[in-house]
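Throughout, a chain's letter reflects where its sequence line sits, starting with A, and its residues are numbered from 1. None of these values were measured; they are calculated from a predicted model.
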There are 2 protein chains.
Amino acid sequence: MNHTVNPHVSVDCVIFGFDNERLNVLLIERSAGNIPVAVQYALPGDLVWEEESLDDAASRVLKELTNLEGIYLKQFKAFGNPNRVNDFKDLDWLQSYRQQPQARVITVGYYAFIRMDELQPEASSFAEKVFWRDIHEIPLLGFDHNEIVDEAIEVLRNDFDSNKVGFELLPDKFTLSQLQTLYESILDRKLDKRNFRKKVLKESIVVPLDEKQKGVLHKPAQLFELNQ
Amino acid sequence: MNHTVNPHVSVDCVIFGFDNERLNVLLIERSAGNIPVAVQYALPGDLVWEEESLDDAASRVLKELTNLEGIYLKQFKAFGNPNRVNDFKDLDWLQSYRQQPQARVITVGYYAFIRMDELQPEASSFAEKVFWRDIHEIPLLGFDHNEIVDEAIEVLRNDFDSNKVGFELLPDKFTLSQLQTLYESILDRKLDKRNFRKKVLKESIVVPLDEKQKGVLHKPAQLFELNQ
DNA sequence: AAACTTAGTGTAAAATTTACACTAATTGCA
DNA sequence: TGCAATTAGTGTAAATTTTACACTAAGTTT
């Protein structure tokens, strides 16, 4: 497992998860370096290996972090401000964890979708702990990671509008209400139930299953799956 | 004019121009290095300076190439395949023009809009000659530049659909037919004139001027300007 | 004067979007 | 057992947008 690292380019991943109510982002805790400081949060990411593509680097980061493969991944933007590092905590972290802390690093941002219940956290070279956070409650992150998160959400909204992405966030079987809540979470606005159902059924996005919900405190909803 | 160059990151610009009929891309001719080879084409681009942002680097490339400022510019993708350089002509060029030709370079792609008649070609460090080429007639370019062009066009189409960009390609005064042809060029499909006019006038995208075309071989069209 | 060419125009059918209320069917509790 | 609470499922119609279609007007050139 010896790879030559390219110290000038990294990938950071905005990993979205959906808990049937809200959209979440997976964040990591990173160790403080040499200075006593409160816990620090960041996006998962890593430097790119010399022999891997950007996409492969992002896939690797995801695999290391979540132990999942074949995850939906999309590059959304490159970040390369010369003054991305202007907080002493970030500088301290770089000095503890990077071989060339003074190198200017361009970061290519990716967003991804995983099922929250499929997450199997692995010890990785860049994350001690991982946790989910509602997209409306993102804490202060290292470097320019808050900006990266905001941008990813914006791009996701746009992508959703033009080609409906994000179904990977749902379980294999789901109710139309869950689907509606996903749409509403991504678009950040309410949709009318009757109109939503009518539209989704008309567009043949979903296929009804011969199954209903069980053990719910209300009328059991019919289950659907995605129309492949 | 002495800047430290970052040998690991470059920007390439897909510069769109519109000649009232078709969408074009501005390409450069680059010198052959040491080997006798037919003329080579590429996208304009340059390595990023250590103290400049990615956006600033792209602006600089544009300014050097076209002598224009304040150009509409948008980042659309990062390209970083490890084997971007696998043609001997490209390798030869790198060896003649780059200080560290062996360095792996990540390229951040930008697209831009300029008026074709405003182009004032300048001698620049990276282009000997520039020329416009219809987007359907792009020759074989260096490195992965053909892929970069294709991607830019795709992104432009998407961006146009979601937030109508590209009006900068038109002159200050234009006819509705010119506007329609711009739409059709970007979308790559015909639009119905009556419907187009009705829609555009309804959306208040344009403002009618007290002026008509002159010296045309048909009924003179009314001139419009963009509604700021 | 005629030929050629594009500018400018309206109707209406089809499709989509928007807005709105009530009964059905489960679990849990008294 | 009945009730409370809660979400599932449903249709109508008005408003808006999209789609499809043909002919006269007004210049320049021959």
Side-chain angles (χ1 to χ4, degrees), chain A residues 18-22 157-158 160-164 170-227, chain B residues 18-22 157-158 160-164 170-227:
Chain A
F18 183 63
D19 61 10
N20 281 325
E21 283 185 0
R22 318 171 198 209
R157 279 202 180 114
N158 249 304
F160 188 78
D161 265 341
S162 43
N163 1 269
K164 291 296 188 316
L170 292 166
D172 291 337
K173 306 177 186 182
F174 51 84
T175 68
L176 286 190
S177 287
Q178 285 169 332
L179 184 62
Q180 176 171 350
T181 311
L182 176 66
Y183 275 50
E184 289 170 342
S185 300
I186 294 178
L187 298 174
D188 204 25
R189 61 182 167 89
K190 300 294 299 173
L191 301 170
D192 177 87
K193 180 169 47 167
R194 276 172 294 188
N195 292 330
F196 174 79
R197 294 173 67 92
K198 199 181 336 174
K199 188 170 196 235
V200 155
L201 293 176
K202 180 180 176 188
E203 289 174 345
S204 302
I205 295 175
V206 294
V207 181
L209 295 173
D210 260 340
E211 208 175 328
K212 288 188 192 256
Q213 267 181 327
K214 290 189 184 59
V216 286
L217 295 197
H218 52 74
K219 180 178 177 177
Q222 169 149 28
L223 293 169
F224 292 77
E225 67 183 1
L226 280 178
N227 190 0
Chain B
F18 182 63
D19 61 10
N20 281 326
E21 283 183 2
R22 314 174 201 209
R157 280 201 179 116
N158 250 304
F160 189 78
D161 267 340
S162 43
N163 1 269
K164 290 297 192 310
L170 291 166
D172 290 338
K173 305 176 184 184
F174 51 85
T175 67
L176 287 190
S177 288
Q178 285 168 334
L179 184 62
Q180 178 173 347
T181 310
L182 177 65
Y183 274 52
E184 290 170 342
S185 298
I186 294 178
L187 298 175
D188 204 25
R189 63 184 166 89
K190 299 295 301 175
L191 300 170
D192 177 85
K193 180 170 50 168
R194 279 171 293 187
N195 293 329
F196 175 80
R197 295 173 66 94
K198 201 182 333 171
K199 187 166 196 235
V200 154
L201 294 177
K202 180 180 175 186
E203 291 174 346
S204 302
I205 295 176
V206 294
V207 181
L209 294 174
D210 258 342
E211 211 173 326
K212 287 186 190 256
Q213 268 182 326
K214 291 188 183 58
V216 287
L217 295 196
H218 52 75
K219 180 179 175 176
Q222 169 150 27
L223 293 168
F224 291 79
E225 69 183 0
L226 280 178
N227 191 357

query = Which part of the nucleic acid, if any, lies within reach of A:K212 when heavy atoms closer than 4.0 Å are counted: base, sugar-phosphate only, or nothing?
reply = nothing

task = With heavy atoms under 4.0 Å as the rule, sort A:K198 into base, sugar-phosphate or nothing.
result = base

inquiry  = Out of the candidates B:K214, B:Q213, B:K212, only one should pair with B:V216 under the side chain to side chain contact (heavy atoms under 4.5 Å, CB included) rule; please name it.
reply    = B:Q213

remark   = Tested for side chain to side chain contact (heavy atoms under 4.5 Å, CB included) against A:F174, the lone hit among A:L226, A:L223, A:L182, A:N20 is A:L226

inquiry  = Side chains of B:F18 and B:I186, heavy atoms from C-beta outward: is any pair under 4.5 Å?
reply    = no

Separation of atom [atom1] in [X] from atom [atom2] in [N], rounded to whole Å:
| X | N | atom1 | atom2 | value |
| --- | --- | --- | --- | --- |
| B:L191 | D:dT19 | CG | P | 9 Å |
| A:N195 | D:dA14 | CG | C1' | 12 Å |
| A:F224 | D:dA8 | CZ | P | 11 Å |
| B:E21 | C:dT5 | CD | P | 15 Å |
| A:Q213 | D:dG9 | CD | C1' | 13 Å |
| B:K193 | C:dT6 | NZ | P | 9 Å |
| A:L176 | D:dT10 | CG | C1' | 12 Å |
| A:E211 | C:dT26 | CD | P | 15 Å |

query = Quick one: is B:R197 getting a side-chain N or O under 4.0 Å of the C:dT9 phosphate, OP1 or OP2?
reply = yes

Phosphate contact (D:dT7 OP1 or OP2) by A:S177 side-chain N/O below 4.0 Å = no

Of all the nucleotides listed ([options]), which has the minimum atom distance to the side chain of [X]?
| X | options | result |
| --- | --- | --- |
| A:K199 | C:dT17, C:dT26, C:dG8 | C:dT17 |
| A:L217 | D:dG27, D:dA8, C:dG28 | C:dG28 |
| A:A221 | D:dA26, D:dA8, D:dA22 | D:dA8 |
| B:H218 | D:dA8, C:dT6, D:dT19 | C:dT6 |

query = Should the pair B:K164 and B:F160 be classed as cation-pi, given the thresholds of under 6.0 Å to the six-membered ring centre and 45° from the axis?
reply = yes

message = Both B:E203 and A:Q222 contact DNA chain D. Which one's nearest nucleotide lies toward the 5' end?
response = A:Q222

note = On DNA chain D, more 5' by nearest nucleotide between B:K202 and B:D192 is B:K202

inquiry  = Quick check: any donor-acceptor pair below 3.5 Å linking the side-chain of B:K219 to the base of C:dG8?
reply    = no

note = The residue among B:E225, B:E211, B:Q178 that forms side chain to side chain donor-acceptor pair (under 3.5 Å) with B:K173 is B:E211

query = A:P220 or B:Q178: which one's nearest nucleotide on DNA chain C is closer to the 5' end?
reply = B:Q178

